[in-house]
Amino acid sequence: MSSRPSRLLCWLTGLLATTIIGIMPGTAAAATLPAAIDGQSMPSLAPMLEHVTPAVVNISTKTRVAVNNPYFNDPVFRQFFGLPDTPQERTEQSLGSGVIVDAAKGYVLTNNHVVGGADDITVTLQDGRTFKAKLIGTDPDTDVAVVQIPAQNLQALPLADSSKLRVGDYVVAVGNPFGLGQTVTAGIVSALGRSGLGGSSSGGTGYQNFIQTDASINPGNSGGALVNLRGELVGINTMIFSPSGGNVGIGFAIPSELTSEVMGQLLAHGKVQRGSLGVQTQVITPRIAQLLKLKDSNGVVVTGVSAGSAAEDAGLQPGDVLTTLNGKPLHNEQELRNAEGLLPLGSTVQLGVLRDGQTRLVSANLRQIKLDSIEGSQLDARLSGVRFSDLSDEQRAQGLFGVMIGTVQPGSRAARAGLSAGDLLIGIGNQRLTGLRMLRGLANVHLRQLVLVVADDDGSHYVVID
């Protein structure tokens, strides 16, 4: 039997005695850890962190936001008080962290919610150097962003294969919590593959596949590094779960495997190009299970297949039940949507399909869906200068309906009536609009007055075009 446990017990006993002696009144002894035990150095994270911390940066941003003040917007009020006829604005500041991942090119990984929409981005290195950063690209749906700094003599972190992480592995978080400066905390991987945590902190729809850790993560840690004990980047710290706003031991990081894929697309295209199966699905309720004569409610049922999509090529049909995804049980629509959003464009997925009581495997390649669109002039002369397009599967999954108003030519009748690019056309008169196919029916109907129901950030309203 090894004598290591007994030596450790002796050391702990000695340490306890030293501590007790050190706190007794009238003693001058201090409780200190020994530098070595039986000639062996005490374990420490310091040597690893000497290589990690220079690659973790502080990020500060400034965003100018227009102030909507009814008094300042009133021209009579401005004239009476001699106020300048210029828009009022305020500057919002925020702090976060980032990780240098390419020393030669100065690329820094961080969160979209740290730098997205910012007018000025400043990066401060551990050695005190400060640089204005250039925003390369952001992806709100994964909350990943890449910025670039014009700096020399940088130190970057190597990326680990986050798919090899296990629950219980030790990890270290490095960032800038509460603006205090660079701070290091340690813990373990508490869980893997976390999703369904609500809207992302970036405000996007959120493709979620988080690493959960109990290493302390607090406001300001966002965009910082989560590393393994070899000093390799396993994740980008992004959010916490907390009823108080502070750390309670539940923090989340985006896996390095995902950030690497997103970064590659941002560098190549400036945005993320996502693939889709082109299938609409629904969770299996007890009622649906009864109608389809299913033994249980596992999987999702196919409710629609887009023409020319990967799902159609794979032979999927409405009524099919998708039971597995790449060999793993498929529990809900979020898991299927995550696969579409997190896997690279062109990836092949294996789907277990239950049809008429028989299960089979089918393969499908994720591809970009070209959304059907139409020029307004093909529908009605009064809609000339407007382009409409179908909603994506992702938008429909969010509960949206209607058609997207893609472009509106300035000065056109539609623009003067109040149509704006990015709004949704959700109805015509008192009839709800389901999609572009229904909108095409306008081409055969000559309406004396076009009464369109439009939805925007402020709600829904009527737009009348004579």
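Put simply, the side chain of T130 reaches to within 4.5 Å of the side chain of T122, judged on heavy atoms. Residues T185 and I217 fail the side-chain proximity criterion, which asks for heavy atoms closer than 4.5 Å. Residues D214 and I250 have side chains not in contact (no heavy-atom distance under 4.5 Å, counting atoms from C-beta outward). With contacts defined as side-chain heavy-atom distances shorter than 4.5 Å, the pair V57/V99 does not qualify. Inter-residue side-chain proximity for L135 and I121 is flagged as met; some heavy-atom pair is nearer than 4.5 Å. Residues L292 and V321 are in side-chain contact: their nearest non-hydrogen atoms beyond the backbone lie under 4.5 Å apart. Contact annotation: the side chain of L425 approaches that of F388 to within less than 4.5 Å [non-hydrogen atoms, C-beta and beyond]. The shortest side-chain heavy-atom distance between P318 and V305 falls under the 4.5 Å cut-off.
Distance check, rounded to the nearest 0.5 Å: OG1 of T61 to CG of L95 gives 7.5 Å. Remark: N221 CG to I240 CD1 distance equals 9.0 Å, nearest 0.5 Å. In this structure, N112 CG and T138 OG1 are separated by 4.5 Å, a value rounded to the nearest 0.5 Å. Here the straight-line distance linking atom CE of M239 with atom CZ of F252 works out to 6.0 Å at 0.5 Å rounding. Note that OG1 of T142 is 5.5 Å distant from CZ of R274, once rounded to the nearest 0.5 Å. Rounding to the nearest 0.5 Å gives a distance of 12.0 Å between OG1 of T213 and CZ of R194.
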CA sep, side-chain torsions, deciding dist, call: D141, R337, salt bridge (Lys or Arg N to Asp or Glu O under 4.0 Å): CA-CA 12 Å; D141 285 328; R337 184 169 170 274; 5.2 Å; no

Chi angles and distances behind the side chain to side chain contact (heavy atoms under 4.5 Å, CB included) call for L192, I211: CA-CA 5 Å; L192 295 167; I211 301 166; 4.2 Å; yes

Stepwise side chain to side chain contact (heavy atoms under 4.5 Å, CB included) test for I426 and L433: CA-CA 5 Å; I426 61 175; L433 190 62; 5.6 Å; no

Side chain to side chain contact (heavy atoms under 4.5 Å, CB included) evaluation trace for L366 with E340: CA-CA 7 Å; L366 297 179; E340 292 180 299; 4.2 Å; yes

Trace of the side chain to side chain donor-acceptor pair (under 3.5 Å) decision for T303 with Q282: CA-CA 7 Å; T303 59; Q282 182 179 342; 5.4 Å; no

Pair L351-L316, side chain to side chain contact (heavy atoms under 4.5 Å, CB included): steps then yes or no: CA-CA 10 Å; L351 297 168; L316 294 182; 4.1 Å; yes

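Sequence neighbours left out, the pairs with a member in residues 317-326 that pass side-chain hydrogen bond (donor to acceptor under 3.5 Å, both in side chains) are D320-R355. For residues 218-230, the pairs satisfying salt bridge (Lys or Arg N to Asp or Glu O under 4.0 Å) are R230-E232, with sequence neighbours left out. Identified under the side-chain hydrogen bond (donor to acceptor under 3.5 Å, both in side chains) test for residues 259-268, with sequence neighbours left out: E261-Q265.
Residues meeting the side chain to side chain contact (heavy atoms under 4.5 Å, CB included) test with L45, sequence neighbours left out: M48, L49, V172, A186, L229. Every side chain to side chain contact (heavy atoms under 4.5 Å, CB included) that N111 has, sequence neighbours left out, goes to H113, V114, D143, S222, I236, T238, I254. Listed by chain and residue number, R129 satisfy the salt bridge (Lys or Arg N to Asp or Glu O under 4.0 Å) test with D127 (two or more places apart in sequence, or in another chain). Taking R432 as the reference, nothing meets the side chain to side chain donor-acceptor pair (under 3.5 Å) condition, with sequence neighbours excluded. The side chain to side chain donor-acceptor pair (under 3.5 Å) test applied to T53 returns Q126, not counting sequence neighbours. Residues that satisfy the side chain to side chain donor-acceptor pair (under 3.5 Å) test with D102, not counting sequence neighbours, are absent from this structure. Qualifying ring-ring contact (aromatic ring centres under 6.0 Å, His included) partners for F131, counting only residues two or more places apart in sequence or in other chains: none. For T348, the side chain to side chain donor-acceptor pair (under 3.5 Å) partners two or more places apart in sequence, or in a different chain, are N365.
Under a 3.5 Å cut-off, the side chain of T285 and the backbone N or O of I288 do form a donor-acceptor pair. S256 places a side-chain N or O within 3.5 Å of a backbone atom of A160 that can act as its donor or acceptor partner. At distances below 3.5 Å, at least one donor-acceptor pair connects side-chain atoms of T183 with backbone N or O atoms of G181. Here the side chain of T110 pairs a donor or acceptor atom with the backbone of S97 at under 3.5 angstrom.
Across every non-hydrogen atom of L424 and F401, the tightest pair is CD1-O, 4.0 Å. Across A145 and L266, no two heavy atoms sit closer than the pair CA-CD1, 4.4 Å. Across N176 and Q182, no two heavy atoms sit closer than the pair OD1-N, 4.4 Å. Across A311 and G278, no two heavy atoms sit closer than the pair CB-O, 4.0 Å. Between L157 and A55, the closest heavy-atom pair is CG-CB, 3.6 Å. When all heavy atoms of A215 and A173 are compared, the pair lying nearest together is CB-CB, 4.2 Å.
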Exercise answer: donor-acceptor pairs, residues 147-156 side-chain atoms, under 3.5 Å, sequence neighbours excluded:
from: Q148; atom 1: NE2; to: K105; atom 2: O; distance (Å): 2.8
from: Q155; atom 1: NE2; to: H51; atom 2: O; distance (Å): 2.6

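Using a cut-off of 4.0 Å between Lys/Arg side-chain N and Asp/Glu carboxylate O, D169 and K164 are scored as not salt-bridged.
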